[in-house]
Amino acid sequence: MTEDARWRDHLEKAGPSLHRIKRHDAMLVDAMLVGDKAHINRHSEDRSPEQLVNTASLPGIVGNAWAMADWHFGYGFPIGGVVATDIEAGGVISPGGVGFDINCGVRMCTLDLEVKDIKDLKKFGRRLKGRIPAGPSGKGGVDLSETKMDSILSEGAKAAAEHGWGEHRDLIAMESNGLLETQERLVSERALKRGSLSLGTLGSGNHFLELQVVDQIVDKNAANAFGLREGQVTAMIHTGSRGLGHQVCSDHVDSLEKKFRRQGNMWHSDEWDFKIPDRQLAAAPFHSNEGQAYFEAMQAAGNYAFANRSALTQRLRDALRAHLGSDGDLEVLYDVCHNIAKVENHVVHNENCTCCVHRKGATRALGGDHAELASRFAGIGQPVLVPGDMGTASWVLAGPTKGTNAAFGSSCHGAGRALSRSQARKTIDAEQLQNELQAQGITVHANTPNVLSEEAPSAYKDVDEVIRLTAEAELARPVARLRPFCVIKG
DNA sequence: ATGTTC
């Protein structure tokens, strides 16, 4: 065993589908891995558990550092990571704990339709492809003047609705009502420029817009509350803050990393007098100027992402009206962030704590008695939207009926990659894959053949397995499984 | 994830 894999010496079972890495070396708290033995062994050759261990030494960390069941290697922090710091006790905020695609997230819409109600599905798919701009460029975005950009960054989905890129009634069906408070708009000119053309565009990689059909109801009570029934058509939009959020992250990662100098095998900040084991965990005390500058810019980028999912929903509504003569009674079920840091109150070791909860590839999962949740989710729990891959399934889960789960009210966010993009391109033939998916009744409109190969179901882990582990660890409970039939891919 | 190499 290498020095680097010391975490295995400290691993113990902590419950059903739950393992603990006991505090050792520079760790300030324990780290929790959601998964059974077999699941953890599948990570024997990647360094993501070490990344999780590293996060456990961040100043002000409280509770445990967590890795959700779909954890994998990321920039500094593992993707799937949940890290909470006590911001009244010098706790830090770290851009690497949020990720490059700030407020990447998922919106799910219910339609009062079954698949058979969509006549000439092939034609509808082509219409959607024509109206949903996809791919790395911002080509096809809405016309965003400087004034409108300001309102989007400060007011998120509400501003989008005011500009005609969303509906006001959708706001109550969004995490934080689609609005992250910002005092100042601290976003660089470069970030603004990158965002100027891409509002209302999907992006690339694992981002998508899918028409899905509810193929299995697991929790009838919750499904009723969520307005879901077997055979029903739903739409799922998975995208984030595009180049704008990426630039905000880059700006702050660059400036914060410069504040750390190597000292033995750690990195030290003279300014704040603390050490981190990996420079990519560069962080600032939440209440420092640097911490606040990042937080405000992150909020603004998060608002842009909410507005982006709103604008795409509006384009979907337009496409439905053009094809069906109505929008199919499309309603937003919920819209969640899975790359964000939030200030939240939690009880840690029986004491109230104002925490900065970093969720990087993790979804908030509020209990059904939480004040922020819309009343229709009372006694049920927050909808947790988990996008899978384009040939298998996505899932809707629910947070606890009341109270919070052990992971600061967090759950998983997806299937997680099994093959790297380059491995997938090398080994998966795009045309053959497209034919295979078509034979299963799944039409994929991909921007390029490479995207098809990279996003192949076999390039992903089994989302059903991630859901099973998440449920066994009692983080969230499965409500419904959704199967795609029409996929728009960047 | 990303104007996929400032």
Side-chain angles (χ1 to χ4, degrees), chain A residues 48 51 70-81 94-107 133-142 144 149 187-209 237-255 257-258 280 294 297-298 301-302 304-306 308-309 312 336-341 358-363 387 389-390 413-426 446-455 459-460 488-490:
Chain A
S48 53
Q51 291 189 314
D70 52 330
W71 89 80
H72 54 108
F73 190 84
Y75 186 87
F77 292 62
I79 293 161
S94 172
V98 170
F100 278 83
D101 190 1
I102 294 167
N103 190 5
C104 187
V106 181
R107 175 177 296 204
S137 85
K139 211 174 149 201
V142 301
L144 194 55
M149 175 64 104
V187 170
S188 68
E189 285 302 318
R190 200 160 160 198
L192 290 174
K193 184 159 184 274
R194 288 181 67 174
S196 62
L197 298 174
S198 46
L199 193 79
T201 68
L202 210 46
S204 66
N206 64 357
H207 290 167
F208 63 71
L209 184 151
I237 296 169
H238 178 197
T239 186
S241 51
R242 310 289 282 101
L244 184 141
H246 191 274
Q247 190 61 46
V248 166
C249 183
S250 300
D251 289 344
H252 290 265
V253 160
D254 290 350
S255 65
E257 285 187 0
K258 287 199 182 85
Q280 293 184 355
Y294 169 68
M298 180 208 74
Y304 183 95
F306 279 133
N308 192 31
R309 293 195 285 276
L312 284 160
V336 296
C337 316
H338 55 225
N339 282 8
I340 201 76
H358 300 73
R359 295 192 182 90
K360 180 191 194 176
T363 310
D389 64 72
M390 65 191 179
H413 91 305
R417 292 201 77 83
L419 297 180
S420 71
R421 295 189 180 281
S422 56
Q423 280 174 309
R425 281 197 302 271
K426 260 184 266 174
N447 208 45
T448 63
N450 274 346
V451 163
L452 255 166
S453 303
E454 291 170 7
E455 296 300 314
Y460 280 88
I488 313 293
K489 266 287 193 187

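Protein chains get the first letters and strands the later ones, always in sequence-line order, with residue 1 at the start of each.
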May I have the distance from [X] (atom [atom1]) to [N] (atom [atom2]), rounded to whole angstrom?
{"X": "Q247(A)", "N": "dC6(B)", "atom1": "CD", "atom2": "C1'", "result": "10 Å"}
{"X": "L197(A)", "N": "dT2(B)", "atom1": "CG", "atom2": "P", "result": "15 Å"}
{"X": "N447(A)", "N": "dG3(B)", "atom1": "CG", "atom2": "C1'", "result": "14 Å"}
{"X": "H246(A)", "N": "dT4(B)", "atom1": "NE2", "atom2": "C1'", "result": "9 Å"}
{"X": "K193(A)", "N": "dG3(B)", "atom1": "NZ", "atom2": "C1'", "result": "8 Å"}
{"X": "N450(A)", "N": "dT4(B)", "atom1": "CG", "atom2": "P", "result": "15 Å"}
{"X": "L202(A)", "N": "dG3(B)", "atom1": "CG", "atom2": "P", "result": "13 Å"}
{"X": "D251(A)", "N": "dC6(B)", "atom1": "CG", "atom2": "P", "result": "13 Å"}

[X] side-chain N/O to [N] phosphate OP1/OP2 under 4.0 Å:
{"X": "S204(A)", "N": "dT2(B)", "result": "yes"}
{"X": "R190(A)", "N": "dG3(B)", "result": "no"}
{"X": "R194(A)", "N": "dT2(B)", "result": "no"}

* **Candidate nucleotides dC6(B), dT2(B), dT4(B), ranked by approach to the side chain of P136(A) - the nearest** => dT4(B)
* Structure fact -> To the nearest 0.5 Å, atom CD1 of I340(A) lies from atom CE of M298(A) at 4.0 Å
* At what distance, to the nearest 0.5 angstrom, does CD1 of I79(A) lie from NE2 of H338(A)? -> 10.0 Å
* Asked: Where is the tightest heavy-atom contact between L312(A) and G200(A), given as atom of each residue plus distance?
  -> CD2-O, 3.4 Å
* To do: Locate the shortest heavy-atom distance separating G140(A) from P133(A); write the atom from each residue and the value.
  => O-CG, 3.4 Å
* Asked: Which comes earlier along DNA chain B counting from the 5' end, the contact point of D254(A) or that of G203(A), where each point is its nearest nucleotide?
  -> G203(A)
* Asked: Want to settle it: does H207(A) or G135(A) sit nearer the 5' end of DNA chain B, counting the closest nucleotide to each?
  -> H207(A)
* Assign R417(A) to base, sugar-phosphate, or nothing according to its heavy-atom contacts below 4.0 angstrom with the strands shown. => nothing
* Asked: Checking H207(A) side chain against T239(A) main chain: does a donor-acceptor pair fall under 3.5 Å?
  -> no
